[in-house]
Structure formats: C-alpha cells, structure tokens
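Beneath this line is the structure, given in structure tokens, with notes to follow.
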Amino acid sequence: FFKQKTAYEISLGLVGSEMCIRDSNRDDQPGRRASGSLAWAGLYNTYFWIDPTHDVAGVLLTQILPFADPQVLAVFAEFEQAVYVLAAET
C-alpha cells in the first residue's frame, strides 16, 4: 500500500480520534483502480475506494490494530481484485 507513493498522492489527516489517509491514483493499477480513483484508509483498518472510470466502489471495515496490518492489507487487495474480476464479467 505505502510502497506505491509514485502512483498515489497521499495526505494524512485526523478525523475525530482516527488517523486517515486519503489518496488519489495518478496511474492505473493493473487489475485494480484506474487513474483518478479515490481511496481512504482509517486507523482501525477501514478502507474504501471509488473508481469512477470503471463505475466501481468498495468498502472493507474492520476493527483491527495495528493500522496497515499485513493480513488485512492482503484481504483488501484480494477483495479489490475480486471486485474488478466480477465487474469485468457483467
């Protein structure tokens, strides 16, 4: 997630007592988000993205710490890829 800084504009902020990350893709992510997609991540591994190019959005909500837990990030990546596979089939 954070290793792709060249593909994202990342901004940090505080929402209530929760840290959040908002990003906007500058480059297409093969099998995932298109350029211009928006995403958000919250402290307790809550994630969503909106991809207006493909008319797709997704939400994954957990209550797991620490933030960016590797297992949750793996689930999120698999979930996002599965959404795009299903979207391509319709």
Side-chain angles (χ1 to χ4, degrees):
F1 184 78
F2 294 107
K3 294 178 184 173
Q4 300 178 8
K5 289 182 183 177
T6 57
Y8 297 102
E9 290 178 4
I10 297 178
S11 62
L12 295 174
L14 292 176
V15 177
S17 61
E18 186 169 313
M19 182 183 81
C20 67
I21 295 175
R22 298 174 300 274
D23 63 42
S24 174
N25 286 59
R26 287 187 258 163
D27 302 318
D28 287 344
Q29 303 298 305
R32 297 176 73 178
R33 293 172 228 170
S35 175
S37 298
L38 303 172
W40 180 88
L43 180 61
Y44 288 94
N45 288 289
T46 55
Y47 300 92
F48 80 76
W49 84 95
I50 301 168
D51 181 345
T53 301
H54 293 109
D55 199 27
V56 170
V59 177
L60 176 69
L61 303 172
T62 75
Q63 293 291 305
I64 297 172
L65 287 174
F67 176 68
D69 177 80
Q71 290 179 320
V72 176
L73 290 177
V75 168
F76 181 58
E78 289 177 28
F79 169 61
E80 186 176 355
Q81 290 170 346
V83 167
Y84 283 95
V85 167
L86 290 172
E89 293 175 359
T90 59

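Given the structure is predicted, the values throughout are model-derived calculations rather than measurements.
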What are the two closest heavy atoms between P66 and N45, and how far apart are they? O-ND2, 2.9 Å
Show me the pairs that pass salt bridge (charged side-chain N to carboxylate O under 4.0 Å, His left out) and involve residues 37-47, at least two apart or across chains. none
Over 60° means perpendicular and under 30° means parallel, so classify the ring planes of W49 and F79, tilted if in between. perpendicular
If I compare all heavy atoms of P52 with all of S37, which pair ends up nearest, and what's the gap? CD-CA, 4.2 Å
Using the side-chain contact (heavy atoms from CB on, under 4.5 Å) criterion, which residues pair with L61? Sequence neighbours excluded. T46, V59
Of all the heavy-atom pairs spanning A34 and T53, show the shortest one and how long it is. CB-CB, 3.7 Å
Smallest heavy-atom separation, L43 atom then L65 atom, equals O-CD2, 3.5 Å
Check: Y47 and T62 side chains under 4.5 Å, non-hydrogen atoms: no
Can you pull out every side-chain hydrogen bond (donor to acceptor under 3.5 Å, both in side chains) where at least one residue sits in residues 66-81? Sequence neighbours excluded, please. R32-E80, R33-E80
Pairs touching residues 41-63 that satisfy salt bridge (charged side-chain N to carboxylate O under 4.0 Å, His left out), sequence neighbours left out: none
